[in-house]
Amino acid sequence: MSCSLLEFCRLQELKTVRDYLFHTQKTEPVEERNQTDNELSWDTSDWESAWDSGNNKEEEAASASVTEEDSMGQSGPWMQDCVVSLSPCSDLLVVAREQKVVFLSAKWRTDDSGKEEMTLAVSWTGTLSTEEGECVSSCICIPLASQKRSSTGRPDWTCVVVGFTSGYVRFYTENGVLLLAQLLHEDPVLRLKCRTYEIPRHPGVTEQHEELSILYPAALVTIDGFSLFQSLRACRNQVARAAAAGSDMIQPPPLAYKKWGLQDMDTIVDHSSVGVMTLCVFDQMKNASILGGFNASVKGSPPAMSQYVTVGGGPYTGFYYAVEGSSQPLLSHVALAVASKLTSALFSAASGWLGWNRNKNEEEAIQKQKPKVEPATPLGIRFGLPDSRRHGESICLSPCNTLAGVTDDFGRVTLLDLARGNAIRMWKGYRDAQLGWLQVPEEQSDWEFSMSASLQQRVRRHALFLVIYAPRRGILEVWGMQQGPRVGAFTVGKHCRLLYAGYRLMGVNSVTSQGWRLHTQQVCLLDPITGALRTVNIPFHLALSDKKCERAKDMHLLKRLTAVLRSREVEPDILESEGKSVLLDIKHPAIKKQALESLLSNKNAPVSSLINITSALYDTLKQHDPNEVDAVLGQLCSSQLKLLQLYTDIQQLHSTADREACSENDSLEDMKDELSRVGPTLQRYAQFTSRPSVSFAQDSPDSPLPAHAFLSQIECGEDGQLKVIRGSETEWNQLGNFLFWGCLCGKSPLHKVCDTLQQAGISPQQLLSLLLSVWLQREKEVLQKPEETVRNLHTLFIVLSNMKGAVEESWDPQSVSPWWQQVRSTCIQSHNAAAALLAAFIAHRAAKASISSRADSQLQSEWEAVSLELEQWVVCVRQLEDVLVLQTLLLVPPPQGAAGSSAAHCSIKTLLEGGTGGIADSVSKWVFRHNLAPERLKEILQKKEDKEADEKPEQSAGEEAQEEKSQEDRDRAADLLVAVCQRFPHSLTPDLLFAHCCWEYVVQWNKDPEEGQYLCLAVEHLKLVSSPHIQLGISAMMWSTFIVKRFSAAAYLMEKVGKAPKDRLCRRDVGMGDKAMTSFLGCCVQLLHILSEADSAVEEIPAPELSVEEVWCGAEGPASIAELALEQRGVHYPLVQHHCLLGSLLHAAMTFSLKVKPLSLFDSKGKNAFFRDLTSIQLMPSGDMDPGLISLRQEFLLRVLTSWVQAIDDTSSSATGTSSIPLPSSGPKADWWPSVCLELGSLLQVNPDILRRHLVCELYNQGLDLRAEEVMLEVEDKDVLGSQLLVLTGQRLSYSLLHSQSQTQAAMELLARLPPTLCTWLKAMDPSELRCPLVPLVQTSRLVGRLIEILPENHAQYSLALHLLEAVEALTTED
């Protein structure tokens, strides 16, 4: 509770501000310097880049290196040369130098820790001068109050008032828009000051009117605040109208001001307008006799006077009094800022560059017509403080208008009493000091809050402090008034600015300020090196003298105790003695309570010391009169003593070695069957959960619970009962661990522990909750010794349920017991499946025994009661067994390299909230994590009935053993999956599981479209769904949700570039690379095939009926994927085929990198039907297609066939002419491409025989004769094919006879024996068209034989074929 400097705001872009204000403009022409008021002369584009370099460290850290000191020396003092003004609301800072000015506005931002902080960022920069050679000499920011009734005290907007060396005073908005300009005197403006309305604290204080005062070297102008407020609002509204609609100008009301000529003082540099004052009768008579002499007459009522205090030289301080009514106020016509160009001026402020030279002549004309300047009313000095050598530099008026601080050139700070007109205090050694005032209200104590409203409205005391900043020493001091000591001092650096406004909001009066909370800072310290804005926080009690203020002494004792507690090396005895002495010496009850709380919350204090200190304090309180002792403090002492005693008792019980013998009633013989049934699953679960993991030592459950944590979690009520406070989960588990883990392990006497807790008054419900939390949290340890821990938990359940208040005496057995329902709800929400199941077994048995004993005591048999409570337990146990098997499966670690996240945890609650598909969804995520192939999953589901069909082979050494182990793990995981499917026969039918797996894979693919295999696997899972209804719905949902957007993007991209796009374009438009897009388009075709086939089969097969297991029928949550699929509407079959056709074209173009515009292969109807909802009826293409389109389609399909033949070419197969090597099932070499092309040809109205003939020729061209012969059987027009193959045969023969490198003499002789027509024909052939000219003669001979077969004898080229046959046979014979 001492003085402190609190940082509340930070300036951004300080370096940018400095660079802008001190930027030299030597090369700038005169015309650019004389810009209009609203034009920016600074490019703001590099603010962001300069941000990082603008924040320097504080001056204390600068001593690390000389270089750093030098740099700060250069950057530090720059703000001393600027005019700086901060709004009292701290939301606007103005920094000006010469003609330039920067406005910084408040912005909120979130720092790295997530905490919001306020910053001041540059919002406007510009040049303000319009007169040649004028500079900014003074500036203030006046926040204007809102006139709305709902306002709570925040300003409506802030007006920036700037005084210039030319005498002009101009008023701007926060955005730099000029509202009005006044020339009230032709000398430079020295200082602008403002006075706003303050609520009077005492009935006799005169209400002060608002005013703006402007000081000139020999004149003082005061503008009435009300008149100024109305004029500024009118001008701002006019600017807004001009900006919105360019409406006619509305003349604002004139300004009312008074102008005084200050006489009898040599130089004046600063002033303060104290306000209106009324003298008492004695002072009135004294002044009259001094001024008028012995015969002076005295008026009946003392006159009201305005007091002005000036500082300067000759005299050092002057006091002026202007009698009210002695001068009539002057009315000034408001000089609007170039009214005819208001609109352009506003837009100029917004853009910063508009209208540079547009109105240059007009501006010069206006500048020449200066407004009329009214003469000043002479005002003589009443008296002063003469000191010929001392010159005043500044004066700062206190908030109560009774005191003022004055600085001078001798380095003194003088305190003036303004009512008496004399100096009452002086400080030495404060050269260039800056002053500010702080008025601090008295804090309200706790008892004052509980008093009546009339007492609360009493006048609160206020303390006044003077804040002095000495820049030469880099120190900030706080002094109590009037003769008080120094209460605070801070080392702050030598280049700061102390910003003290001395006013609040303008436009406030006694009516509008009712209920307002004015958010204003009184004194702010601006550090230009770090950009920090800090305010001084001073407690009220520092203003009180030490004799009267016990609170200050108490605070000192509290601070001493805090220092002792912070020291880690202090001995317990010293801590105890120090704590006792401090607590007994503190007088104030609230501080005594604070000291006790800080002592009890200390981590290092031993429990014995805490008990001794609290006991000593409690004994002292009991010795006093009960009426004098603070009741809250006494209750705190007694409750904390009770808690400390409980903590000690529990600790001692856990440390004792005596263990209670287990009673015969606690034997769990009847639970052995249940434990043996779930035993194997528990062992498997324990294997997976006991894997090593990393944790911090302080988070270990075995770490002891410190006393301060125990005290913070339990509170004592007024009735003496203890209540556990539910904090974080970790704290709750720590407390449960402290109370019950020793009992569960059998190391502590559990009956004694429970008796101690019951006597302390903790409710059995909270104890049960703590017991269950530690049981579930320590699952690993429980499963290591299940029998012992289960027995102890059973005993604890029995003991707690027998406590008073556990099971209500009036409980009707026909209703559900809240006690056992608490256990059930905890088990239902738990993710620790094994521990929850064991707890449910035990609680089920305990509840059954309790109900049986209750029924026996009532001597009646109520079967309904037994069935109602126990039926819920039967359901809960069955659900937990299901969850245990499922959780065991989910914990199976995936193989190395598999995708997916960490193992999922499930509970009854999460499965019920997941809806009817929650179980299948969990298993599908497991399938994805394990990358289980669809066919493998199908095998596992098929062997559900016969699990032991496969025999396990023996292990071998080395890698075989490792592979054998991984095979065993896979088999074990498969067995677990089968077990889960048997536990959930309805929720995990194969169709539902395949559907969920399909959806999981497509969701994962959508997250990362580059993983194309995910979409392929999704389609494979979808194929395995046997129900066409589910298949149809999921296909339609996949298409509309994930596929169609990327599919359409791919089509439009290919249409745009006219070919298979490159990787960069694919990533930009479709969101995946070119290889992934090829795979994606192939999956789209398969999906649309599945969709069309399912649509055809829907009418033949009835829709499946979905059901869930009986114990899981209470599921509430989203509908499952299968339910959503069954709700989907049927699709329009022709539209699906239409999209499938486009998908095949796109897939072919991407696979073989062909040039094509896919959408251009369709007419307008076909294009319009694309990418529509598949359930809608669209107008499809019909009838004969345009021949031009058909030729384009035919050309594309022929290119696809050519590309396929080139892709499948293999050196081994082409050399031998065999097709022994099988082709792959996917990719460009897939064997289904020809059939796809033929199918597309029939759909696209292309003659399929043309395609077959082209394929035969291409295969022969490639040297794949056997494949060509297979296709040739299907060709219908053999004549045309024969002509084509005849040319190809001639090219082969021409190559071997004429163009081969190894021409033999036999070949030459054969060529000479050939008929001339054949020889000429062969020479005309071009073998370069053959892709594989080196073909064995045997194959060519077979080809010629085929030619003779397919060509009719009347064919024109039949004779040529016969000649070829003879030539080939002759060549073969020669070979």
Side-chain angles (χ1 to χ4, degrees), residues 1-6 198 201-202 205 272 274 309 311 317 385 392 394-408 410-431 433-445 459-471 473-492 498-502 521-525 534-560 587-588 591:
M1 294 290 287
S2 57
C3 286
S4 59
L5 269 181
L6 301 177
E198 286 286 339
R201 294 206 314 273
H202 305 286
V205 177
S272 276
V274 183
V309 183
V311 296
T317 305
L385 296 179
S394 68
I395 181 170
C396 186
L397 182 66
S398 71
C400 56
N401 295 339
T402 58
L403 302 173
V406 179
T407 63
D408 56 42
F410 284 180
R412 308 288 196 269
V413 175
T414 308
L415 183 66
L416 298 182
D417 184 341
L418 300 180
R420 293 160 56 194
N422 57 5
I424 57 176
R425 193 172 184 181
M426 184 177 283
W427 290 266
K428 291 177 62 178
Y430 292 88
R431 194 172 296 278
Q434 301 169 30
L435 307 180
W437 293 89
L438 265 176
Q439 190 168 259
V440 182
E442 183 179 13
E443 305 99 341
Q444 283 185 302
S445 58
V459 177
R460 292 167 67 188
R461 294 186 295 174
H462 284 69
L464 190 63
F465 297 92
L466 177 65
V467 181
I468 306 175
Y469 170 56
R473 293 190 287 161
I475 192 170
L476 184 78
E477 297 180 347
V478 182
W479 293 82
M481 293 293 103
Q482 295 180 14
Q483 303 295 332
R486 188 176 79 170
V487 297
F490 309 94
T491 303
V492 294
L498 188 69
L499 305 176
Y500 172 70
Q521 303 284 359
Q522 297 186 61
V523 173
C524 297
L525 186 75
R534 292 180 283 182
T535 184
V536 185
N537 182 36
I538 305 176
F540 174 82
H541 68 84
L542 292 180
L544 306 175
S545 65
D546 293 337
K547 294 179 182 177
K548 296 179 181 177
C549 183
E550 290 180 345
R551 186 186 181 93
K553 181 183 177 184
D554 288 351
M555 293 307 301
H556 174 70
L557 290 171
L558 177 61
K559 192 183 293 184
R560 194 174 83 190
K587 305 295 186 216
H588 201 281
I591 301 178

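The figures here come from the full heavy-atom set of this structure, side chains too, leaving out hydrogens, waters and symmetry mates.
Residues W437 and P399 share a closest heavy-atom pair of CB-CD, 3.5 Å. The minimum heavy-atom distance linking V487 with L542 is given by the pair CG1-O, 3.6 Å. What you find for L466 and M481 is that their closest heavy atoms are CB-CE, 3.6 Å. Considering every non-hydrogen atom in both G480 and R425, the closest pair reads O-NH1, 3.6 Å. Nearest approach of A433 to V413, heavy atoms of both residues: CB-CG2, 4.0 Å. Minimum heavy-atom separation, P441 to F540: O-CB, 3.7 Å.
The side-chain contact (heavy atoms from CB on, under 4.5 Å) test applied to D417 returns A419, R420, N422, I424, not counting sequence neighbours. With sequence neighbours excluded, the residues satisfying salt bridge (Lys or Arg N to Asp or Glu O under 4.0 Å) with E477 are R473, R486.
Residue S272 is tested with L397, V311, N401 for a side chain to side chain contact (heavy atoms under 4.5 Å, CB included); the sole match is L397. Tested against L476 for a side chain to side chain contact (heavy atoms under 4.5 Å, CB included), the candidates I468, T491, V523, V492 yield a single pass: V492.
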Side chain to side chain contact (heavy atoms under 4.5 Å, CB included) assessment of V440 paired with F465: CA-CA 8 Å; V440 182; F465 297 92; 3.9 Å; yes
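L499 contributes atom CG, which lies 7.5 Å from atom CG of L525 (distance to the nearest 0.5 angstrom). Between H588 atom NE2 and M555 atom CE the span is 10.0 Å, to the nearest 0.5 Å. Note: L438 CG to T535 OG1 = 6.5 Å, rounded to the nearest 0.5 Å. Expressed to the nearest 0.5 Å, how far CG of L435 lies from OG of S398 amounts to 12.0 Å. The CG atom of L6 sits 11.0 Å away from atom SG of C524, with the distance rounded to the nearest 0.5 Å. Remark: L385 CG to T414 OG1 distance equals 8.5 Å, nearest 0.5 Å.
Listed for the N537 side chain is no donor-acceptor partner under 3.5 Å among the backbone atoms of S4. A donor-acceptor contact shorter than 3.5 Å links the side chain of Q522 to the backbone of Q439.
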